[in-house]
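What follows is a single structure, written as structure tokens, with notes after it.
Since the model is a prediction, treat every value here as computed from it, not as a measurement. Order of the sequence lines fixes the chain letters, A, B, ..., with proteins taken first and strands second; residue numbering starts at 1 for each chain.
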2 protein chains.
Amino acid sequence: MTELEQYINSYFGISKEDLGKITNLFKQEVLQKEDFFAREGEYCNKLSFVKSGYLRVYAFKEGKDITQWISGPGYFLTDLQSLVFDQQARWNIQCLSDCELYTISKENYRQIGKHVEKWDHLEKLFLAKCFLTLEDRVFSFLSMTAEERYDHLYVQNKELFNIIPLHNLASMLGMTPETLSRIRKKKVS
Amino acid sequence: MTELEQYINSYFGISKEDLGKITNLFKQEVLQKEDFFAREGEYCNKLSFVKSGYLRVYAFKEGKDITQWISGPGYFLTDLQSLVFDQQARWNIQCLSDCELYTISKENYRQIGKHVEKWDHLEKLFLAKCFLTLEDRVFSFLSMTAEERYDHLYVQNKELFNIIPLHNLASMLGMTPETLSRIRKKKVS
DNA sequence: CACTTGTCTTGACATAGATCAAGAAGTGAA
DNA sequence: TTCACTTCTTGATCTATGTCAAGACAAGTG
């Protein structure tokens, strides 16, 4: 089984037959560092699973580049507004490193439901999970200090701090690079 | 048509027949000010549509009461983790005023898919929309000041500021009541 | 009615975190 | 190697926002 099959299987728990039907629709795709997976205002007509590498989801606000999220191995990746509602993408998604993806086109993605009985239901559960994750994230901004948000991310994803430029992590955590640097310094001592 | 039918129809755009099948499963429910719709740690086995009144979604963090969201007429209301994943509720949901709801039990909610062909698909779209809304909200914390967040909410939901205790709105916006009060003062002058 | 309780505002002050500016260290290209 | 560029850190300073404390109202209750 590829990582994709393992992941989909572990997450959605479906039959080997259905699993094949789905994963066959994904094609391997390779992107280089700096390449764009999606661009704000254009259309993102694909859904990908990250096999390796990291991608940064961001948008500009008054000229400033704000990182919304960083996606790495084991994550699904798309601009949801484009994929689901056929509208312009809200996000720039760009590779922070060379990346290997398993990618399905929007057209094929929309066919899955016709091949696999319970797909819409499973996808609904998946989206519900994503919603809960974002709810937590909102709550973190309502209830935590910059340092607490740092701790939270550090405990969960230590490895990011060795791989991802720190100013991107700072942005994603809602603080400046200087603040992140000072928090890190404090942790060492 | 009841508000519920109008809403579901406008949002999901389904046949009059299916519409009836669904809305028949909802029962009217009346709650009084201060009543709890859901409690953190318990199980919330229902999904409701708010006909009238306002409810506050909140949780405690280190003894402090943090408002995550306020739900009013035209919103659906539930603790998603309970409804979808049969786990303990993450949120307290309490009436800020007397409320009229249309409520469906979890059991009946789960039957909808069996009665209405495309239900899972429609619900998926609905959840995707919710996800996009939360994404915006996260972005607002990454990119906006307290005052900008206030402006944003004020433009979209002026009426809340006459109905909802301001300290709850402040909490939901991620600021203290004092800060909200000062921002408001500034706006008058 | 008086009394309690909750809401909202205001002022004085404290502080987390932002901004600005500079420099150190690493990386890649020529 | 040197130069340009990026990342990260550090110090000095500024400011938005938080904290604490008090008072003004308004609303509800016995």
Which whole-number value in Å describes the distance from [X] [atom1] to [N] [atom2]?
X: Met175(A); N: dT9(D); atom1: CE; atom2: P; value: 13 Å
X: Phe161(A); N: dT9(D); atom1: CZ; atom2: C1'; value: 16 Å
X: Leu166(A); N: dG26(C); atom1: CG; atom2: C1'; value: 14 Å
X: Leu180(B); N: dA16(D); atom1: CG; atom2: C1'; value: 15 Å
X: Tyr150(B); N: dT17(D); atom1: OH; atom2: C1'; value: 17 Å
X: Lys186(A); N: dT10(D); atom1: NZ; atom2: P; value: 14 Å
X: Glu34(B); N: dG6(C); atom1: CD; atom2: C1'; value: 11 Å
X: Leu142(B); N: dG17(C); atom1: CG; atom2: P; value: 15 Å

Would you call [X] and [Y] a salt bridge, taking side-chain N to carboxylate O under 4.0 Å as the test?
X: Glu135(B); Y: Arg90(A); result: yes
X: Asp120(A); Y: Lys118(B); result: no
X: Asp65(B); Y: Arg56(B); result: yes

OP1 or OP2 of [N] sitting under 4.0 Å from any side-chain N/O of [X]?
X: Lys185(B); N: dG11(C); answer: yes
X: Thr179(A); N: dA18(C); answer: yes
X: Thr176(A); N: dA18(C); answer: yes

Quiz item: Touch check for Arg184(B), heavy atoms < 4.0 angstrom, all strands: base, sugar-phosphate only, or nothing?
Solution: sugar-phosphate
Exercise. Decide yes or no, distance alone: a donor-acceptor N/O pair under 3.5 angstrom between the base of dC20(D) and the side-chain of Glu178(B).
Key: yes
Quiz item: Which one, dG17(C), dC8(D), dT10(C), comes nearest to the side chain of Ser181(B)?
Solution: dT10(C)
Quiz item: Mapping Arg149(B) and Lys33(B) onto DNA chain D by nearest heavy atom, which one lands closer to the 5' end?
Solution: Arg149(B)
Quiz item: Please walk me through it: do Leu55(A) and Leu101(A) pass side-chain contact (heavy atoms from CB on, under 4.5 Å)?
Solution: CA-CA 11 Å; Leu55(A) 301 99; Leu101(A) 310 173; 4.2 Å; yes
Quiz item: Would the number of heavy atoms belonging to other residues, nucleotides or ligands and lying under 6.0 Å from NZ of Lys61(A) be above 12?
Solution: yes
Exercise. Please tell me which of Arg182(A) and Arg182(B) maps to the more 5' nucleotide of DNA chain C, matching each residue to the nucleotide holding its nearest heavy atom.
Key: Arg182(B)
